[in-house]
Student: 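After the structure tokens below, expect a handful of questions from me.
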There are 2 protein chains.
Amino acid sequence: MARVTVADVADEAGVSRVTASKVLRGGEGVSPSTTQRVLDAAAALGYGREQSASGEGKRVTIADIASAVGLSKGSVSFALNGQAGISPENREKILETARQLGWRPHSAARALSSSQSKAIGLVLARDVDTLGSEPYFMRLIAGIEAVLSKESIVMLFQTVPSIEAEMAVYDDWWSERRIDGLLLNDLRVDDPRLPYLQGLGIPSVFAGLREGSGTVSAVFHEEAPGVEETVLHLRDLGHRSIGRVAGPAEFAHIAERGQAFARLCSELGIEHYESIETDYSMEQGAEATRYLLARPERPTALVYDNDIMALAGLREAQATGLSIPQDLSIVAWDDSLFCQASSPSLTAVARDIRAFGEQAATSLLDLIRSGAPDTVREPPGRIVARDSTAPPPS
Amino acid sequence: MARVTVADVADEAGVSRVTASKVLRGGEGVSPSTTQRVLDAAAALGYGREQSASGEGKRVTIADIASAVGLSKGSVSFALNGQAGISPENREKILETARQLGWRPHSAARALSSSQSKAIGLVLARDVDTLGSEPYFMRLIAGIEAVLSKESIVMLFQTVPSIEAEMAVYDDWWSERRIDGLLLNDLRVDDPRLPYLQGLGIPSVFAGLREGSGTVSAVFHEEAPGVEETVLHLRDLGHRSIGRVAGPAEFAHIAERGQAFARLCSELGIEHYESIETDYSMEQGAEATRYLLARPERPTALVYDNDIMALAGLREAQATGLSIPQDLSIVAWDDSLFCQASSPSLTAVARDIRAFGEQAATSLLDLIRSGAPDTVREPPGRIVARDSTAPPPS
DNA sequence: CTGAAAGCGCTTACAG
DNA sequence: CTGAAAGCGCTTACAG
């Protein structure tokens with residue numbers, strides 16, 4: 001793709017190079033019809049576009065548009081931003097010329113003068129293998145971006161090893177004015193990020209938080225309903241002893257599940273129940289499984305807080321000679337393709353994570369615009385019965 | 001966190017508010033020792049930091065530093081950027097003052113005047129469930145960011161439904177000067193993105209490309225060695241008929257694996273071999289498995305192009321009453337936690353994806369700096385033997 | 001080694 | 001509805 005030159009445009013339009021150059025760089029002293037002809041030729045050849053995109057040559061700016069249409073930069077800016085205060089004819093003329101010249105806003109110039117970066121940030125503090133094996137995050141991201149891309153807002157993304165590193169990233173991004181707001185995940189019990197965000201005053205949406213305040217909005221769903229469906233499902237099958245292989249209790253949603261699990265088991269007539277905390281890993285999932293299966297009130301059903309532990313537990317149970325689901329029922333919290341691909345397929349609690357991501361992004365944009373924090377409750381998870389749950393052995 | 005005011009600083013430093021204000025806003029007419037005292041107090045209280053981070057109040061700029069130390073903005077800029085052309089003493093004084101005032105660069109201002117956004121872009125055109133189930137991408141991202149974060153370079157991330165949408169994003173980001181360069185994945189046979197990037201002139205690193213040129217660098221690894229290890233492993237176990245459940249052949253690395261597979265099977269004495277193309281999905285993985293197991297020269301070993309298909313194939317085979325690995329050996333290409341968690345665990349081809357990501361990012365930064373495209377070859381995948389491979393039934 | 005000034009490309013009061 | 005100008009916070013020649 002050779003670069004399109006003024007000479008090319010001149011030839012295409014059938015005018016002199018001097019005339020073409022005049023139109024392309026300013027537009028004074030050339031008749032309207034000739035101006036139009038040159039601009040059409042430029043558009044056809046992709047002259048402006050190439051210029052603006054290639055990095056070589058001069059970038060098309062609002063000054064170029066202004067002189068092409070014979071109006072001020074201020075008017076051009078108004079028209080381009082859809083603001084009131086400019087006549088319909090001039091607006092149309094400006095828009096058309098901008099299109100023809102291939103003008104595109106310079107994000108840094110806008111950010112500098114408007115104090116808005118049109119970017120939001122997402123930082124994930126989990127180890128890479130957890131991130132890579134949990135479908136949650138990619139779905140969340142897909143939901144977020146479905147909303148952002150409509151508004152030409154961009155997402156900065158980073159993974160970090162710890163929550164401290166996460167906060168350091170927020171400080172950097174915010175103080176360098178890289179972002180207008182933040183999306184947070186994995187709320188902890190007494191999460192240090194919350195006061196940190198409030199202190200810095202960063203507009204944020206915290207997934208899992210129950211109530212927005214200050215500059216932080218909340219988007220969440222209840223854990224209890226999914227737990228209740230699970231316990232009911234197992235009780236109705238006849239189970240009276242249930243073990244739970246839990247994620248880290250420092251996560252607020254895990255702690256909440258744990259409380260709901262204990263309360264509901266007790267209320268719904270489960271005679272024995274027990275939770276074992278793990279770090280979410282395959283190894284600890286297998287270990288907790290071994291431990292629970294060796295208990296005096298050996299559980300006939302096991303519930304896991306993520307899919308990789310459920311799979312590891314399945315493997316562990318099968319290795320000890322158990323048949324699933326005849327000898328032991330298994331439920332995974334957070335459905336994934338792997339729950340379907342395993343043998344037997346795993347009964348799991350499923351949520352619409354993509355919708356959750358969309359809501360989180362929508363809330364963030366609202367917050368950035370309005371400055372007022374909000375609280376949104378999303379639908380809870382629901383159980384999807386598959387082949388890994390059945391009545392307990394008699 | 002209440003905002004730190006000039007009055008607070010004055011109290012802390014034991015000077016009048018007028019004096020504190022003078023120092024904090026300019027520094028003229030105040031003795032060096034008093035100036036120092038006030039700046040120390042400000043630093044202790046986090047005055048500058050709060051100012052620069054909170055968004056309220058005036059941001060600390062290089063002009064503030066300049067008047068505080070009594071030098072020009074240009075000198076301050078030089079010092080802050082580590083450029084030559086300023087005396088050691090003044091450099092030190094500027095750096096110290098900047099630190100005390102909590103100055104942070106404004107990314108947009110820098111981007112506008114330096115024509116560098118200090119951001120790179122990554123767009124993934126795969127459906128969300130594939131992305132969420134393949135550990136590849138998160139590992140790649142972790143590797144990329146390990147390099148970027150050292151240089152305070154930020155990553156824009158987006159998922160899109162198609163390769164056309166992907167190119168549209170590149171056009172947007174580049175023409176708005178959002179990014180300095182791009183990282184590309186999933187090279188296609190005759191990939192349209194390559195000429196597109198070259199046309200736009202975007203500095204890019206294309207993973208999988210065999211040779212850099214123009215503004216595009218290449219980072220790749222050979223597929224053949226991993227294929228060879230796999231075929232050798234199976235042959236040495238005694239297998240003479242191998243089936244392959246392949247990913248989409250439009251991907252260059254899949255096409256290459258396919259060619260290597262046919263060539264190596266033939267060279268290494270495998271009597272029957274066959275590849276079936278799929279879309280990477282669980283469903284088609286299961287379907288291809290059924291098909292291959294029904295062939296006249298029924299394969300005794302099956303090789304899969306991703307982990308989810310391998311798992312689906314394992315399930316399918318077990319459902320038809322086969323024991324793995326006694327009746328059928330299975331190998332997954334691209335190892336993951338799920339290959340370890342399955343029962344039996346899956347023999348798989350593993351690569352150091354994180355290192356690959358680091359190299360890709362390093363190459364991109366080099367390219368952005370130098371303008372010269374490069375080509376880097378990374379180590380190929382190696383087979384990791386687990387429980388899913390054994391001699392064929394006799 | 002240092003200063004004064006122009007410029008990056010926008011937005012936004014301020015006048016008319 | 002429109003124009004002229006200042007300003008956002010830096011970098012970068014250009015002089016000395």
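Computed from a predicted structure; not experimentally measured. Order of the sequence lines fixes the chain letters, A, B, ..., with proteins taken first and strands second; residue numbering starts at 1 for each chain.
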Student: Counting only side-chain heavy atoms from C-beta out, which of dG9(D), dA4(C), dC10(C) sits nearest to I62(A)?
Tutor: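 Nucleotide nearest to I62(A)'s side chain: dC10(C).
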
Student: Using heavy atoms to find the nearest nucleotide of DNA chain C for S87(B) and L112(B) separately, return the residue whose nucleotide is more 5′.
Tutor: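 Per heavy-atom nearest nucleotide, the more 5' residue is S87(B).
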
Student: How many Å lie between CZ on F78(A) and P on dA13(C), as a whole number?
Tutor: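 My rounded result for the distance is 9 Å.
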
Student: Want to settle it: does K73(B) or A108(A) sit nearer the 5' end of DNA chain C, counting the closest nucleotide to each?
Tutor: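 Comparing both residues, the 5'-ward one is K73(B).
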
Student: Looking at T61(B), does any N or O in its side chain come under 4.0 Å of the phosphate oxygens OP1/OP2 on dC8(D)?
Tutor: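 Answer no for this pair, as no side-chain N or O of T61(B) is under 4.0 Å from OP1 or OP2.
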
Student: When the distance from NZ of K118(B) to P of dC10(D) is rounded to whole Å, what number comes out?
Tutor: 15 Å

Student: Would you say S113(A) places a side-chain N or O within less than 4.0 Å of OP1 or OP2 belonging to dT11(C)?
Tutor: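 No.
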
Student: Quick one: which of dC10(D), dT2(C), dC10(C) gets closest to the side chain of I86(B)?
Tutor: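 It is dT2(C).
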
Student: Donor-acceptor check, side chain of S370(B) to backbone of D366(B), threshold 3.5 angstrom: yes or no?
Tutor: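 Such a contact is found between S370(B) side chain and D366(B) backbone.
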
Student: Would you say dC10(C) has OP1 or OP2 under 4.0 Å from some side-chain N or O of S77(A)?
Tutor: no

Student: Taking only side-chain N and O atoms of W103(B), does any of them lie within less than 4.0 angstrom of OP1 or OP2 on dC10(D)?
Tutor: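 True: W103(B) side-chain N/O within range (under 4.0 Å) of dC10(D) OP1/OP2.
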
Student: With rounding to the nearest 0.5 angstrom, report the CG to CD distance, L124(B) to E166(B).
Tutor: 8.0 Å

Student: Hey, are R104(B) and D172(A) close enough for a salt bridge, meaning a charged N less than 4.0 Å from a carboxylate O?
Tutor: yes

Student: Given atom CD1 of I94(B) and atom P of dG3(C), what is their separation to the nearest angstrom?
Tutor: 9 Å

Student: Please determine if a side-chain N or O atom of N90(B) lies less than 4.0 Å away from the OP1 or OP2 oxygen of dC1(C).
Tutor: no

Student: Counting N and O atoms only, with roles assigned by atom type, does the side chain of R59(B) sit under 3.5 Å from a partner on the main chain of S175(A), one being a donor and the other an acceptor?
Tutor: yes

Student: With a 3.5 angstrom cut-off on both distances, give the Watson-Crick or G-U wobble partner of dT2(C), or none if there isn't one.
Tutor: dA15(D)

Student: Find the distance E89(B):CD to dT2(C):P and express it as a whole number of Å.
Tutor: 8 Å

Student: Hey, does the side chain of N81(B) reach the backbone of S77(B) with a donor-acceptor pair shorter than 3.5 angstrom?
Tutor: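 Confirmed, N81(B) side chain pairs with S77(B) backbone.
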
Student: Do the side-chain N or O atoms of S114(A) get closer than 4.0 angstrom to the phosphate oxygens (OP1, OP2) of dT11(C)?
Tutor: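 Indeed not, no polar side-chain atom of S114(A) lies that close.
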
Student: Return the value, rounded to whole Å, for the distance between atom CZ of R177(B) and atom P of dC8(C).
Tutor: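 Interatomic distance, CZ of R177(B) to P of dC8(C): 13 Å.
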
Student: Kindly say if S75(B) contacts the phosphate of dG3(C), meaning a side-chain N or O under 4.0 Å from OP1 or OP2.
Tutor: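 Result: yes.
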
Student: Using distance alone, with no hydrogens and no angle criterion, decide if S217(A) and D374(A) have a side-chain donor and acceptor under 3.5 Å apart.
Tutor: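 Distance-only check fails for S217(A) and D374(A).
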
Student: Counting only side-chain nitrogens and oxygens, does N81(A) get under 4.0 Å of the OP1 or OP2 atom of dT11(C)?
Tutor: yes

Student: Roughly how many Å is it from CD in E176(A) to P in dC10(D), rounded to a whole number?
Tutor: 10 Å

Student: Look at R110(B) and dT11(D) and indicate whether a side-chain polar atom (N or O) is within less than 4.0 Å of OP1 or OP2.
Tutor: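 Checking R110(B) against dT11(D): at least one side-chain N or O falls below 4.0 Å of OP1 or OP2.
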
Student: Give the rounded distance in Å between these two atoms: CZ of R104(B) and P of dC10(D).
Tutor: 12 Å

Student: Check whether any side-chain nitrogen or oxygen of Q116(B) sits under 4.0 Å from OP1 or OP2 of dC10(D), and answer yes or no.
Tutor: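 So the side-chain polar atoms of Q116(B) never come under 4.0 Å of the phosphate oxygens OP1 or OP2 of dC10(D).
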
Student: So Q83(B), base contact, sugar-phosphate only, or nothing? Heavy-atom distance under 4.0 Å.
Tutor: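 Since only primed, P, OP1 and OP2 atoms lie under 4.0 Å of Q83(B), the category is sugar-phosphate.
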
